[in-house]
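Working notes, structure below.
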Amino acid sequence: MSSLFLNSWNMGNQYVTMVKITSKGRLKMAQRKYTLVSKIGYGSIDILGGGAFALIGLLFLFFLMTMEGMSGALAGAVLLVGRVWDAIIDPLLGAISDKTRSRFGRRRVYILAGVAPVIVTFSLLWYSFGITGDITKFLYYTVMYILFSTAFSIVMVPYNALLPDMIDGYKARAGYVSVRMFISMLAATVSVMVPGIILGAEADRTLHGYLVMGIIFGLFYGLPLLFGFFTTWENPTPEAEAVPSLGEMLRRTARSFKNKAYRQYLGIFCWGQMATDLITAMAVFWLVDNLQMQGMTTIFAGLLMLVGAAMLPAYNWIAGKYGKHVPSYVCMPFRIVALIIGFFMGPEIGLVGLVIVCVVMGIGHGASNFVPWCLLPDIPDSDEMINGTRDAGIFGGMATLVRQSTGGVALFLGGVALELFGYIESEAGEVVEQTATALLGIRVMFAAVPAVLSLIVVWLGFRYVLTKNNHAAILQAVAHKREHGSPTDDPELIAACEKVAGKSFNKLWVGTM
C-alpha cells in the first residue's frame, strides 16, 4: 500500500488533517481535532511516569532500610543495578520503536502492551514473601526492580516519542505538554500523599500494608494506559519510507550526542531530576530524624506537588512568551533558597515554617519537572536540521533513561552517604535516635547537594540554544531544504542553525547541497 499524508494546523479550530492515498487509488481524509479529551488522554499515560517514581523515590529506600533492615549501601545498590539495566534497554527500546510498524502505529502499540506488566511488577515491588537474609533480599528486590523498570520503559520510551508523531507546531505541543504535566503532577501528589493513609504511622507499618499499597497503585498506574491508548493517535508513517536497521539506529543514538542543544537538554534534565530525586528520597529522613516531625512526609511531598501544579499556568505563560527553557532559570532559584534554609532548620522551625519552605521550594520543584518534558518534543527538529532524520524514539529512549537513571543514582548515593555518615538502620518501622554526624549527612544529601545541582541547571538554562526564536529559524531552514532541495542563504537562519547545532552550516544537513 502506498500512502501520502499531510498535516495542517488551524489556529481557530485547532486540528490536524491527514490525507492517505490507498493502494486502490482512493483518497482517504481524516481530521483529528486538538480537543481537551485528546490532551487528557495523552496526559493520562504520564500518571505512570509522574506517579510511580515519585512514590518509589519517596518510600522505596526507606522501605528497604526500615522494613526489610537492609543497609543503606545494599538498598541503594538495588536501584543502581536497575539503572545499569535501563542504560542498556532504554536506547534499545527507542531504536526498536522507531523501527516498529503495526496497525496501531509504532509508539501506541507498546503503551497497550505495557498495561499488565506495569500492574503486576509494581505490586510485587513491595513484598518479599518472607524471604530472609540480606543477600537474598537484595537479589529478590533487584530482580523485581529490573522487571518493573522494564515494564515502565516499554510504555514510557515510546510515549516520550509520541508527541512529535501526533502534533506539529511549537505552541500546540506546549499545550499538550502543559496538560500532561498537570496530570503528572496530580498523579505525583496522589502518589506521595495517599500511601501514608494506606500504611499508617511509620512506627505501625507492616509488610502486608506495603503489599496492599503496591497493588492499589499498580492499578492506578496501569489502567489509565488503556484510556491513553484509545484517545491518542499517530500521523501515518509512509510505508515507502525505508526502515533503518537496528545497527543503524544504534549508530544514530551515538550520533545524537553531537547535537549541542541535545547535550544541554540532557544536562538540564539530568541534574534537575537528580536534585528532585535526592530531595524526595531524603525528605523522610530529614523530617523524621532532623526535624522530629513523624507523619509529615506526605504533607511535605504533597505540598511540593500541589505548588508545582498550581504554578503550571505561570510556567506555561513564561514558556509561551519567552521560551520553554526560561522557567529553569527564573523559577529554580526559589528551590535553591529553600534548600539553603532547609539545611539549617531544626525541630524549632514548627509547622508554619515547614509549610513556608515547602511552598518556596515547590516553585522551583515544579519547574524542574515542567521544563525537560516541554523541551523534549522540539529536539527531533534540531536533529533533522543536523542529520536529516527524525528519530524521536531515540530521544524518547534517552529521556526515559535519564529520568530513571537519575532516580537510581540519587537513591544509591543517598543510601551510601547515610551509611558513611553512620546512619543506624531499623526494622519494622522502629524509630532510632541518630548521631549528630548522621544528622549532618541527612542535611548534606537533602539540601546541600541538591542546591548545587539546581544551580547547575540555572546556568545551563541561561546558556540553552534551542530558544523559541532559534527553533522557528531552524524550522524555516528545514522547510526551505525540503521544498527546494538546497540550503537557505538567509544569514539569520544560518546563524541560528549554527548556534543550535554548534557546527558550521555547511556541515549540517540543511546546509548541504
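- Taking the six-membered ring for Trp and thresholds of 30 and 60 degrees, Y329 and F462 have nearly parallel ring planes, at less than 30 degrees apart.
- With rounding to the nearest 0.5 angstrom, the OH atom of Y42 is 8.0 Å from the CD1 atom of I45.
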>> M65 vs Y423, test: side chain to side chain contact (heavy atoms under 4.5 Å, CB included). Steps then yes/no.
In response: CA-CA 10 Å; M65 292 178 65; Y423 187 87; 3.8 Å; yes
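- The ring pair (Phe, Tyr, Trp, His ring centres under 6.0 Å) check on F343 picks up nothing, with sequence neighbours excluded.
- The OG atom of S368 lies 11.5 Å from the CG atom of L304; values are rounded to the nearest 0.5 Å.
- In this structure, the side chains of L287 and I299 stay at 4.5 Å or more apart for every pair of heavy atoms.
- Smallest separation of non-hydrogen atoms from S328 and G461: OG-CA, 3.4 Å.
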Ignoring hydrogens and angles, write down the donor-acceptor pairs under 3.5 Å from the side chains of residues 264-272, residues two or more places apart or on other chains.
unit_1: Q264; atom_1: OE1; unit_2: V465; atom_2: N; d: 2.9
unit_1: Q264; atom_1: NE2; unit_2: R463; atom_2: O; d: 2.9
unit_1: Y265; atom_1: OH; unit_2: P372; atom_2: O; d: 3.3

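- Between the side chain of S149 and the backbone N or O of I146, no donor-acceptor pair lies under 3.5 Å.
- Enclosure of atom NZ in K503 by more than 12 non-hydrogen atoms of other residues, nucleotides or ligands within 6.0 angstrom is indicated.
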>> Walk me through whether I183 and V179 qualify under side chain to side chain contact (heavy atoms under 4.5 Å, CB included).
In response: CA-CA 6 Å; I183 293 174; V179 175; 4.0 Å; yes
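- Under the 4.5 Å side-chain criterion, counting only non-hydrogen atoms from C-beta, L59 is in contact with R205.
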>> Assess the residue pair N290 and F446 against the criterion (side chain to side chain contact (heavy atoms under 4.5 Å, CB included)); give the C-alpha distance rounded to whole Å, side-chain angles, the decisive distance to 0.1 Å, and a yes or no.
In response: CA-CA 11 Å; N290 287 72; F446 169 78; over 6 Å; no
Considering only distance and modelled atom types, tabulate donor-acceptor pairs under 3.5 Å from the side chains of residues 346-367, sequence neighbours left out.
unit_1: H365; atom_1: ND1; unit_2: R335; atom_2: NH1; d: 3.1

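- The shortest heavy-atom contact between I336 and S454 is CG1-CB, 3.6 Å.
- Considering only residues two or more places apart in sequence or on other chains, T231 meets the side-chain hydrogen bond (donor to acceptor under 3.5 Å, both in side chains) condition with none of them.
- Taking OG of S382 as the start and CG of N387 as the end, the distance is 9.0 Å to the nearest 0.5 Å.
- Between L48 and Y159, the closest side-chain pair of non-hydrogen atoms is not below 4.5 Å.
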> Given V81 and Y145, is the side chain to side chain contact (heavy atoms under 4.5 Å, CB included) satisfied, shown in steps?
Replying inline: CA-CA 9 Å; V81 172; Y145 195 73; over 6 Å; no
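- In this structure, F227 and I40 have side chains that are in contact, with non-hydrogen atoms separated by less than 4.5 Å.
- A pairwise comparison of heavy atoms in D378 and C374 identifies OD2-O, 4.1 Å as the closest pair.
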>> Assess the residue pair F217 and F220 against the criterion (ring pair (Phe, Tyr, Trp, His ring centres under 6.0 Å)); give the C-alpha distance rounded to whole Å, side-chain angles, the decisive distance to 0.1 Å, and a yes or no.
In response: CA-CA 5 Å; F217 277 91; F220 178 63; 5.8 Å; yes
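- Between W126 and Y210, the ring planes lie parallel to each other; the angle is under 30°, not in the 30° to 60° tilted range.
- Around the CZ atom of F63, the shell of radius 6.0 Å holds more than 12 heavy atoms that belong to other residues, nucleotides or ligands.
- Taking each heavy atom of L453 and M274 in turn, the nearest pair found is CD1-CG, 3.8 Å.
- Residues V330 and Y322 are not in side-chain contact: their nearest non-hydrogen atoms beyond the backbone lie 4.5 Å or more apart.
- For F62, the CZ atom is densely surrounded, since the number of other residues' heavy atoms within 6.0 Å is greater than 12.
- Side-chain atoms of Y176 and S38 include a donor-acceptor pair closer than 3.5 Å.
- Here the CG-CG distance, from L455 to L460, works out to 10.0 Å after rounding to the nearest 0.5 Å.
- Using a 4.5 Å heavy-atom cutoff, the side chains of K324 and V177 are not in contact.
- Put simply, NE2 on H325 and CG on N470 are 9.0 Å apart, with the number rounded to the nearest 0.5 Å.
- Checked against side-chain hydrogen bond (donor to acceptor under 3.5 Å, both in side chains), E384 has the following partners two or more places apart in sequence or in another chain: R390, R482.
- Atoms CE and CG, on M181 and N369 in that order, are 5.0 Å from each other to the nearest 0.5 Å.
- Between F122 and G214, the shortest heavy-atom contact is CD2-O, 3.4 Å.
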Sequence neighbours left out, cut at 3.5 Å: what donor-acceptor pairs do the side chains of residues 184-194 make with other protein atoms?
unit_1: S184; atom_1: OG; unit_2: D46; atom_2: OD2; d: 3.0
unit_1: T189; atom_1: OG1; unit_2: M185; atom_2: O; d: 2.8
unit_1: S191; atom_1: OG; unit_2: G51; atom_2: O; d: 3.4
unit_1: S191; atom_1: OG; unit_2: A187; atom_2: O; d: 2.7
unit_1: S191; atom_1: OG; unit_2: Y221; atom_2: OH; d: 2.7

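- Between N316 and S178, the shortest heavy-atom contact is OD1-OG, 2.6 Å.
- Side-chain contact check for F152 versus P117: every heavy-atom pair is 4.5 Å or farther apart.
- The shortest distance between side-chain heavy atoms of L418 and M445 does not fall below 4.5 Å.
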